[in-house]
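Reading through the structure tokens given below for one structure.
Convention: sequence-line order gives letters A, B, ...; per-chain numbering from 1.
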Protein chains: 2
Amino acid sequence: MLADAKRDRVGERRSATRREILDAAWAIARDSGLAQVTLRDVAERVGMRAPSLYRHFESKNAMYDAMFADSWIACLEVMTEVSRTPPTSARATIKLYARTFFDFAVADLARHQLMNQRTIVGFEPSAESYAVAVATLDTVRAGLAACGVTEPEDVDLFVALAGGLIDAQLANDPGGDRWSRLLDRTYDMFADNIGLPTP
Amino acid sequence: MLADAKRDRVGERRSATRREILDAAWAIARDSGLAQVTLRDVAERVGMRAPSLYRHFESKNAMYDAMFADSWIACLEVMTEVSRTPPTSARATIKLYARTFFDFAVADLARHQLMNQRTIVGFEPSAESYAVAVATLDTVRAGLAACGVTEPEDVDLFVALAGGLIDAQLANDPGGDRWSRLLDRTYDMFADNIGLPTP
DNA sequence: GTCTATACACCGATAGAC
DNA sequence: GTCTATCGGTGTATAGAC
């Protein structure tokens with residue numbers, strides 16, 4: 001009873017501190033680069049010493065793992081939102097999924113590197129965090145299936161196309177729209193290829 | 001005369017040592033990862049101490065830069081070879097360029113990371129090394145132009161498609177062919193989109 | 001002229017006092 | 001739960017041996 005209430009408050013406090021640490025890490029990642037995040041800098045930002053962080057995260061990679069989960073939870077949210085919009089045409093729906101994922105990835109380089117690239121050398125997401133990424137892909141897969149895109153190879157191609165445009169955009173024209181402008185065309189091309197009706 | 005001959009031998013010796021160091025670095029990169037290359041390990045492999053490497057390379061990044069140049073020189077060679085093969089059809093030529101670049105990239109993960117990704121954090125290629133990369137792209141551009149693909153946007157799309165397939169292949173099915181199998185289809189799709197005649 | 005020995009500043013991580 | 005102190009490792013710089 002009293003013990004329960006107390007334990008709950010303690011849990012909230014711990015959780016809030018974790019959140020504060022992660023926010024500090026994100027802030028550093030966003031304006032100095034994902035790999036430039038050091039435990040000493042994160043600690044300083046939250047008014048601690050570096051070793052104290054180990055009371056809240058088992059290791060630096062555990063911190064990256066929580067950030068990885070953060071990212072995919074946000075992505076899952078966005079893609080789930082898309083899956084709820086009433087479809088007009090299969091072609092338009094496919095483009096909407098692609099555009100949403102593209103914009104999400106391009107909006108935050110550090111996040112994209114953590115989610116989709118192997119920028120951090122020793123880092124492997126935990127099974128738990130990876131499951132969120134899988135759930136997101138499943139949501140997309142379900143949305144595509146509703147458009148009649150069910151072949152695994154078609155889904156693989158859908159994914160590769162988005163990845164190629166995203167990487168080209170971030171690598172060669174960050175902040176611009178040189179490849180963003182090609183997205184609709186690319187997925188019209190894809191829709192033509194799989195035999196979707198033209199509008 | 002004698003001085004010249006001697007200076008030449010010294011130059012050759014220096015150049016050979018450089019080559020030996022780079023080969024050692026490549027060996028480590030290939031079987032332990034690009035970022036796992038440490039100066040101490042490279043030095044040990046060539047029978048030196050780490051600081052001695054600074055007599056041959058200005059910094060570790062200078063070593064990476066030489067490896068970056070290595071990679072693009074090899075790629076330029078391969079793509080130049082392709083540009084010399086007599087064309088059959090525009091469609092076949094486009095696919096040949098794409099396939100050659102894809103296979104080159106997928107054959108060596110460490111090399112691909114150095115050439116096309118930002119795996120090494122502080123590393124920026126020198127203008128001299130970058131010029132080789134540009135020359136390679138120009139060779140591809142010229143080859144595509146000979147097929148009637150001249151629009152910059154078409155070239156951008158060509159590049160993004162290859163990048164997407166390569167990254168998906170390396171990230172999600174290394175050593176396999178899940179996305180490799182989609183390459184011909186992808187560039188047929190591309191050829192259709194830009195209005196190339198069907199065979 | 002080349003290379004070695006030594007040192008520095010920084011990193012992630014751990015041990016133990018309070 | 002946070003601290004200080006410290007460890008082994010990294011890239012890098014430089015003085016000095018040969």
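- Rounded to whole angstrom, the span from the CG atom of B:Leu53 across to the C1' atom of D:dT14 amounts to 16 Å.
- In this structure, of C:dT2, C:dG12, D:dC3, it is C:dT2 that holds the atom nearest to the side chain of B:Arg14.
- Out of D:dT12, D:dT4, D:dT2, the shortest distance to the side chain of A:His56 is found at D:dT2.
- Looking at heavy atoms from C-beta onward, B:Asp192 lies in side-chain contact with B:Thr198 at the 4.5 angstrom threshold.
- Interface residues of residues 110-124 of chain B facing DNA chain D, ordered by number: none; criterion, heavy-atom separation under 4.0 Å.
- A:Asp23 is linked by a salt bridge (charged side-chain N to carboxylate O under 4.0 Å, His left out) to A:Arg19, counting only residues two or more places apart in sequence or in another chain.
- Relative ring orientation between B:Tyr187 and B:Phe190 is described as perpendicular, the plane-to-plane angle rising above 60° on a 0-90° scale split at 30° and 60°.
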Report task. For side-chain hydrogen bond (donor to acceptor under 3.5 Å, both in side chains), just list the numbers for A:Gln117 and B:Asp167, CA-CA rounded to whole Å, side-chain angles, deciding distance to a tenth of an Å, and then say yes or no. Result -> CA-CA 9 Å; A:Gln117 295 192 328; B:Asp167 284 342; 5.2 Å; no
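- Contact annotation for A:Val37: backbone-only contact, meaning every heavy-atom pair under 4.0 Å involves sugar-phosphate atoms and none involves a base.
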Write down the protein N/O and nucleotide N/O pairs, taken from nucleotides 5-9 of chain D, whose separation is under 3.5 Å; answer none if there are no such pairs.
none

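- To the nearest angstrom, C1' of C:dG12 lies 10 Å from CG of A:Asn61.
- Pairing each heavy atom of B:Thr186 with each of B:Leu165, the nearest pair is OG1-CD1, 3.7 Å.
- Shown here for A:Met63 and A:Ile21, the closest heavy-atom pair between the two residues is SD-CG2, 4.0 Å.
- For the pair B:Gln36 CD and D:dT10 P, the interatomic distance rounds to 10 Å; values are reported in whole Å.
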